[in-house]
2 protein chains.
Amino acid sequence: MLGATFMGVKLGILGLGTVGTGTVKLLQDKNGRHPLLQDIEIYRVGVRSLDKPRDVQLPEGVITTDLEGIVNDPEIDIVVELMGGLEPARTLILKAIANGKHIVTANKAAISRFGAEIFTAANQAGVYVMLEASVGGGIPVIQPLKQSLSVNQISAVTGIVNGTTNYILTRMQTEGSDFADVLADAQKLGYAEADPTADVDGWDAGDKIAILASLGFGGRINREQVYCEGIRQVSKTDIAYASKLGFVIKLLAIAQNVKNGHRDNSLLSVRVHPTLVPQTHPLASINGVYNAILVEGEPIGQVMFFGPGAGEGATASAVSADILNLVANLKTNHAHLNPTLACRHQHYSEIAPISELVTRFYTRFLTEDHPGVIGQLGTCFGKHGVSLESVVQTGFHGQLAEIVVVTHDVREGDFRQALAEIAAMPAINSIPSIFRVL
Amino acid sequence: MLGATFMGVKLGILGLGTVGTGTVKLLQDKNGRHPLLQDIEIYRVGVRSLDKPRDVQLPEGVITTDLEGIVNDPEIDIVVELMGGLEPARTLILKAIANGKHIVTANKAAISRFGAEIFTAANQAGVYVMLEASVGGGIPVIQPLKQSLSVNQISAVTGIVNGTTNYILTRMQTEGSDFADVLADAQKLGYAEADPTADVDGWDAGDKIAILASLGFGGRINREQVYCEGIRQVSKTDIAYASKLGFVIKLLAIAQNVKNGHRDNSLLSVRVHPTLVPQTHPLASINGVYNAILVEGEPIGQVMFFGPGAGEGATASAVSADILNLVANLKTNHAHLNPTLACRHQHYSEIAPISELVTRFYTRFLTEDHPGVIGQLGTCFGKHGVSLESVVQTGFHGQLAEIVVVTHDVREGDFRQALAEIAAMPAINSIPSIFRVL
Ligand SMILES: NC(=O)c1ccc[n+]([C@@H]2O[C@H](COP(=O)([O-])OP(=O)(O)OC[C@H]3O[C@@H](n4cnc5c(N)ncnc54)[C@H](OP(=O)(O)O)[C@@H]3O)[C@@H](O)[C@H]2O)c1
Ligand SMILES: NC(=O)c1ccc[n+]([C@@H]2O[C@H](COP(=O)([O-])OP(=O)(O)OC[C@H]3O[C@@H](n4cnc5c(N)ncnc54)[C@H](OP(=O)(O)O)[C@@H]3O)[C@@H](O)[C@H]2O)c1
C-alpha cells in the first residue's frame, strides 16, 4: 500500500449493525464534511445475514457474507472492523494486516486483549491500526493522547467511559432510586442490555482504560491485570451519604502513575471502581449517557474531553475520523508510517497490585448500638496506620446503628487488614459498602 | 524542505517570554514525553534584549536579537513565532514561509487578521502553519477541528476562550461583587493586564472565535465582521437576577450556522458577547481561568474540550504538540502536504449581520412606578413581533421600579426597534442591561 500512487481509497467494512450503519450513512452524505471524504469508496460490507432489512442503500454486490473475501481482496485498502466480539474479529484483523491493509476498529474488547499481537503485526506489515471509536464514542481522545498530549509527562488518565453505568448512577442520584429498579427501567428503555454484565460489572470500562493507559503511558497493558469493580453494590443509601459529605458516586476508570513502594521506579495503577468524586471536580457533573476523559500531565495540567460515549452517529463520527486520517496520510504518499499515528508501545507496563494503591476510603458499617463502638473502630484503624478524616454516626437501621467513615490516604492493603479485624468484632454487624474516594 | 532526507529538525524560536520559556523548558526535558522530541534541536531563539535574565539555559550563540537572520537561516526547518503582536510578527512569518520554513504560532491576533495572507503564502510554498496554541491554551481543539471533527457537518462552535473575563465573571458570581472591584483585584493578582481592554472588551475572544470559525466551517473570516461586546456592562444585579432565572452569565464566543432570512443558503454568525447560559448547560460550570470549547455537529452531537486557557506550561504543551506533529509529518518524508493539516479554506464566509441574529434576550428596565408600565412594554414588544417568556417586576431602586424581561426567540433587529420605542416612553427611566440568552 505505502508508496503507491493515490487513486482514492476502497473500504471493506466488516459489520453493518449500529456503528456500521451510522458510518455508511455518514460516508454516503458527504455534503458539508471534509472534502477528502470524496476520495472514499464503500467497496464491500460484510454481514452475517443477507436477509436482514438494512437502514442504508448500497449498490448490488457490495453487501456480502464473505468476510474472508474482504480481508483478502487486493482491491481493498482499509478494513473497517465494526462487527465486535473477540473472534472472528481478531483473526480477520490479523489477516487483513498480513495482506497489507490498514485497520480501523471500534472493538475495545478485541484491542484490549489482542492489542499486543495486532500492533506487532501492524508494525511488521507497515500498516496503521486506528481505534478512535473504541473509547468514548465520538469524543476525540485517542488521537489527542497519541499526538497533542504526548508531549506531556502524563500522570493520570481518569474517565467516565461507560454510558450505561453513568446513566444508572445519575438516575439513582437524581431520583433517590435503588440500583435494581433503575437497571430494570434502563433495560426497558434500551439504555442497558438484556445481559448488563459487561457494563454493570465494569468490564467494558476495564477494556477502555486498558487502551487509554497504553496510549497515555506508552506501554502495553495486560488486560487481566486491570482491577474491575462494578456498580452493583452502590446503594441509594451510599449515594445520599456521599452527597451529604460533598461527593457524587461515579464509576471511574483510572490509569495513574504510582510510586513503587520505597523503590525509585514508578508503576501503573489501572483500575475501574465506583468512586466518591468531590462535587466540584470536573468529572462530577458528567451525567447521563455522556462520557468524559480527564488527562493530567506536566506541564499541561488538566484537560478534559466530554461528549456522547456511544450511539450510531457519535461512534460513526469517530470511525470516519480515523478513515479520514488514513486517507490523508495515504494521499501524502509517504514512505514510512507517521510515528505519531503508528502503534508505538513495545514493552508491557508494570502494573501495581490494587493492594499497593494509596487512596482515601469511604466505608459504611452497621453496628450494635453501644457507645464504645466508634472507639473500637478508631483503635483498630490506628493500629494499621489508617487515619480518619471524618466519622459520622448517621442513623439507625432497626436495632443497628449506621456509621460512615472517610479515611485519609492509606495503602489499600493496610486498610483491608484493618477492615478484616473490624469485621470480626462482636459489635460489628456488617460492612455493606466500601468505596474509594478521589 | 519536503522530500529532503530526514536528519532531525532545527527550530528557530521567535520570542522567549512566557510561552517561549515554557516551550524551551519542555523541549529541554524530554524524559517521559514522546520519543520523537529527541529529533528536535533548539537552534536559535530570537529576543529583543540580550541583557534580560532568562529562566532557561541555552548554549552560547543560540539567543540572538537578529530575528531576520532566523527566518532567513537555511539551517532552520521550523520557525516558532512566540513574540506576539501584529508586526514584525506578520512580516517575519511571511519571510519564513517564503524561505520554505514551516510555522508554529500562538499568535491569535496576527492569525485572525492576516490568516488569509499567511495561509495563501503557506500553500504556495508548500509549508504548514500550525496554531494549536492560539486558542484555548493547552486544550487540543484546533487539531480535532481540522481532523476528527471535520467529518461532521458542524452547526456551532461555542467557547469560553478568554480566561481573564471568565475569572472575573466567576468571582462576581460567587462573591456577589461588582465588575470594577473584581477587575482591580484581578489586576493586582496578575489575572488581568494593566490595560485590560483586549480581554475585557472581548477582542481577544473575537480573535479566537474568528480562528475557530474558519476551521469549523472551512471559510475565511473577515475579523472586522466579528461582533464583539465585552463584559464591562455586566453588573452584580444582573448576575443575581440571571441566577434566580436559572442562568449564569458567561462571555461566550460563538460561531454558528444561521438561516439567511427567507433565502435557502445559510450564513455564519460569528460573535462575542456576555450571554445568559442555562445552569445545566455544559459551559455553565466552566469557572475561573479555565476555557472550554463546545462543538456541535451532525452526527456527533455535542463534544466539549476543557482545560487551562493560558499559562506558560499549558501553552507550551500546545506549541510543542504542533512541533511534534510537524516533525512526525516531515519524518514520513512525504511529497505532498497532509491535507488535514494544511491550511484549507479558500473563500471568505458570508457573515450574518448581528441584526439578523435570532436569539432570546434578557433585558432589565428601570421604570416609573406606575401600574400600566408592564402593559405598555407588552404592547410595544407585541407590535414588533417580540413575545415574552417571562416578565418579573423584581424590586425598587429608590423611586424606580425594576422590571426584568426574557423574550422568546426574536430577530435582533426587530427587538432593537422595539427597545428604541420603549426607551422613548415617558414611563421608562433607563435600560441598564441587555444580554442575549443561549
Ligand atoms: N453501538 C455503539 O454505540 C458502540 C459504541 C462504541 C463502540 N462500539 C463497538 O462497535 C462494534 C460494533 O458494535 P455495534 O453496536 O454496531 O454491533 P451490532 O449492532 O451488533 O452489529 C454487528 C454487525 O456485525 C455483523 N457480524 C457480527 N458477527 C459477524 C460474523 N461472525 N460474521 C459476519 N458478520 C458478523 C452483524 O451482521 P448482521 O447484521 O448480519 O447480524 C452486524 O451487522 C463493537 O466492537 C462495539 O463494541 C459500539
Ligand atoms: N501567555 C500566555 O499564557 C499565552 C497563551 C496563549 C497564547 N499566547 C500568545 O503567545 C504569544 C507570546 O505570548 P507571551 O505571553 O509569551 O509574550 P511575552 O511574555 O511578552 O514574550 C514575548 C517575547 O517576544 C520577544 N519579542 C517581542 N517583540 C519582539 C521584537 N520586536 N523583536 C524581538 N523580540 C521580540 C520578547 O523579547 P524580550 O524577552 O527580549 O523582551 C519576549 O521574549 C502571543 O502571541 C500571545 O498572544 C500567550
Side-chain angles (χ1 to χ4, degrees), chain A residues 22 25-26 29 31-37 132 138-140 143-144 147-154 218 282 285 292 294 297-308 311-314 316-318 320-325 327-329 331-341 344, chain B residues 22 25-26 29 31-37 132 138-140 143-144 147-154 218 282 285 292 294 297-308 311-314 316-318 320-325 327-329 331-341 344:
Chain A
K25 281 184 192 166
L26 192 161
D29 169 21
N31 189 28
R33 310 186 194 280
H34 200 290
L36 210 56
L37 294 180
E132 187 65 71
I139 307 169
Q143 205 193 353
Q147 300 194 328
S148 305
L149 298 176
S150 71
V151 300
N152 290 278
Q153 294 163 343
I154 304 294
S285 49
L294 177 73
E298 188 283 323
I300 197 171
Q302 295 190 320
V303 280
M304 192 174 81
F305 303 85
F306 161 89
E312 175 183 310
S317 169
S320 306
D322 277 348
I323 296 170
L324 175 75
N325 252 319
V327 174
N329 275 278
K331 192 162 187 168
T332 60
N333 196 14
H334 46 65
H336 310 278
L337 292 179
N338 180 324
T340 60
L341 282 186
R344 86 171 155 111
Chain B
K25 280 184 194 167
L26 192 160
D29 169 23
N31 189 28
R33 311 185 194 280
H34 199 291
L36 211 57
L37 295 180
E132 186 63 73
I139 307 169
Q143 206 193 354
Q147 301 195 327
S148 306
L149 299 175
S150 70
V151 300
N152 291 278
Q153 293 163 343
I154 303 294
S285 49
L294 177 74
E298 188 283 323
I300 197 169
Q302 296 191 319
V303 281
M304 192 174 79
F305 302 85
F306 161 89
E312 175 183 310
S317 169
S320 306
D322 277 348
I323 297 170
L324 175 75
N325 252 320
V327 174
N329 275 279
K331 193 162 185 167
T332 59
N333 196 12
H334 46 66
H336 310 280
L337 292 179
N338 180 324
T340 59
L341 281 187
R344 85 172 155 109

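To find a chain, count down the sequence lines: A is the first, B the second, and so on, and within it residues start at 1.
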Least distance between heavy atoms, A/Pro140 atom then B/Val303 atom | CD-CG1, 4.4 Å
Are A/Phe305 and B/Phe305 close enough that their ring centres sit under 6.0 Å apart?
-> yes
Part of A/Thr340 lying under 4.5 Å from any heavy atom of chain B = both
What residues form a side chain to side chain contact (heavy atoms under 4.5 Å, CB included) with A/Pro339, not counting sequence neighbours?
-> B/Leu36, B/Ala328, B/Lys331, B/Thr332
Carefully, step by step, assess A/Gln143 and B/Gln143 under the rule side chain to side chain contact (heavy atoms under 4.5 Å, CB included).
-> CA-CA 9 Å; A/Gln143 205 193 353; B/Gln143 206 193 354; 3.6 Å; yes
B/Asn31 versus A/Gln153, closest heavy-atom pair with distance | O-NE2, 2.5 Å
Best-contacting candidate, A/Gly138, A/Gly297, A/Ser148, A/Ala316, against chain B by heavy atom pairs under 4.5 angstrom = A/Ser148
Selection from A/Leu324, A/Ile300, A/Leu294 maximising heavy-atom pairs under 4.5 Å formed with chain B = A/Ile300
Of the listed residues (B/Ile323, B/Leu26, B/Leu341), which shares the most heavy-atom pairs with chain A below a 4.5 Å separation?
-> B/Leu26
What part of A/Asp322 lies closer than 4.5 angstrom to a heavy atom of chain B: side chain, backbone, both or neither?
-> neither
Could you state the interatomic distance from CD1 (A/Ile139) to CG (B/Leu149), rounded to the nearest 0.5 Å?
-> 11.0 Å
Would a distance-only check, ignoring hydrogens and angles, find a side-chain to backbone donor-acceptor pair under 3.5 Å from A/Gln147 to B/Ala321?
-> no
Minimum-distance pair of heavy atoms, taken over all atoms of B/Pro299 and A/Gly313 | CG-O, 3.3 Å
For the atom pair CZ (B/Arg33) and OG (A/Ser150), what is the distance rounded to the nearest 0.5 Å?
-> 10.5 Å
N-O pairing of A/Lys25 and B/Glu298 below 4.0 Å = no
What part of B/Ser320 lies closer than 4.5 angstrom to a heavy atom of chain A: side chain, backbone, both or neither?
-> both
Minimum heavy-atom distance A/Ser317-B/Asn152, with the two atoms named | OG-ND2, 2.9 Å
